[in-house]
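This one's a predicted model, so the numbers in the text were calculated from it and none came from an experiment. Lettering follows sequence order; numbering is per chain, from 1.
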Number of protein chains: 2
Amino acid sequence: MTTAMQLTNVLKTLADPTRQAVFERIIREGEVAATGLVQGSKVSQPAVSQHLRALRDAGLVAERREGRHIHYRVAPKGLSPLIDWLGHYQTFWAERFANLERLLKESE
Amino acid sequence: MTTAMQLTNVLKTLADPTRQAVFERIIREGEVAATGLVQGSKVSQPAVSQHLRALRDAGLVAERREGRHIHYRVAPKGLSPLIDWLGHYQTFWAERFANLERLLKESE
DNA sequence: TAATCGTATAAGCAATTGCTTATACATTAG
DNA sequence: CTAATGTATAAGCAATTGCTTATACGATTA
């Protein structure tokens, strides 16, 4: 069961473009160390670190320490509050996503 | 085609709990005047009005004037940036939503 | 051990946000 | 026309946010 606060938290976390970009890079690169994310980022290392903390607190990424590197990867279940919420109101955007309800029930 | 800015805008708009509550009330009540939304809201009429403006600017609701009332209703396509984005990265949360890709393709 | 590398935290600051009260605008009723 | 109702905008303010620089911590290497 997912609370309203969790949904708000996920939305807030993804609502920042820089943080969203970090999240998408983690998605694409599979598992990546913080250093790798700083490389090619417009912002400083502390900024990236703060974004990673926010993503972790929201349950959107998980980390694995390996020596002095910390590798980040996506935690797909972190998106559950968002998906569940979309599913809950699916009848209202049914014209576009007619089968969402069935889909969500099947995947439980 | 939906831009990154549109996605960020939708996320930001839904990320505020008060505004999200207004949006959900519009969903549930179908079509409702601003007055109705102020009733039972924790915040003032101007606050509600500002949230309605934000929702409209994000493309999440549409309005219909009737006399001095303005009725708001959900604009389901406003959620497209969000749904499209989830669909684009579906392989990464496929364990939970295995059929999302097929679904999204069918619904086009 | 000392130096270095990878990462996180602290402190401070400008920008943004969400609210308030006060006021303006738009439409209808008397 | 005047008053009242529904809604929006203006101005101001406290709280939050995202960034920076500086520093600390943790792990490896020389």
Any donor-acceptor N or O pair under 3.5 Å, side chains B:Trp85, B:Gln6:
no
Atom-pair distance (CG on B:Asp57; P on D:dT9), nearest Å:
9 Å
Quick one: does A:Lys42's side chain get under 4.5 Å of A:Thr18's, heavy atoms only?
no
Residue of the set B:Leu37, B:Val61, B:Val38 for which side chain to side chain contact (heavy atoms under 4.5 Å, CB included) holds with B:Val22:
B:Leu37
Return the value, rounded to whole Å, for the distance between atom CD1 of A:Ile70 and atom C1' of C:dT9.
13 Å
From the options C:dA8, D:dT9, D:dA8, select the nucleotide whose nearest atom is closest to the side chain of B:Arg53.
D:dT9
Polar-atom pairs under 3.5 Å, protein N or O versus N or O of nucleotides 23-29 of chain D: list them with distances, or write none.
none

If the threshold is 4.0 Å, N to carboxylate O, is there a salt bridge linking A:Glu63 and A:Arg65?
no
Would you mind reporting whether A:Arg53 and A:His51 have side-chain heavy atoms less than 4.5 Å apart?
no
Sub-3.5 Å pairs of nitrogen or oxygen atoms, protein against nucleotides 14-19 of chain D:
residue: D:dG18; atom: OP2; partner: A:Arg19; partner atom: NH1; Å: 3.3
residue: D:dG18; atom: OP2; partner: A:Arg19; partner atom: NH2; Å: 3.4
residue: D:dC19; atom: OP1; partner: A:Thr18; partner atom: OG1; Å: 2.9
residue: D:dC19; atom: OP2; partner: A:His51; partner atom: NE2; Å: 2.2

Within the 4.5 Å heavy-atom criterion, are A:Leu7 and A:Asp84 side-chain neighbours or not?
no
Kindly say whether A:Gln45 contributes a backbone atom to a donor-acceptor pair with the side chain of A:Ser49 at under 3.5 angstrom?
no
Looking at C:dG6, I'd like to know if its phosphate oxygens (OP1 or OP2) sit under 4.0 Å from a side-chain N or O belonging to A:Tyr72.
no
Using whole Å, what does the distance between atom P of nucleotide C:dA8 and atom CG of A:Leu37 come to?
10 Å
Residue pair B:His69 / B:Ala33: nearest heavy atoms and the distance that separates them:
CD2-CB, 4.1 Å
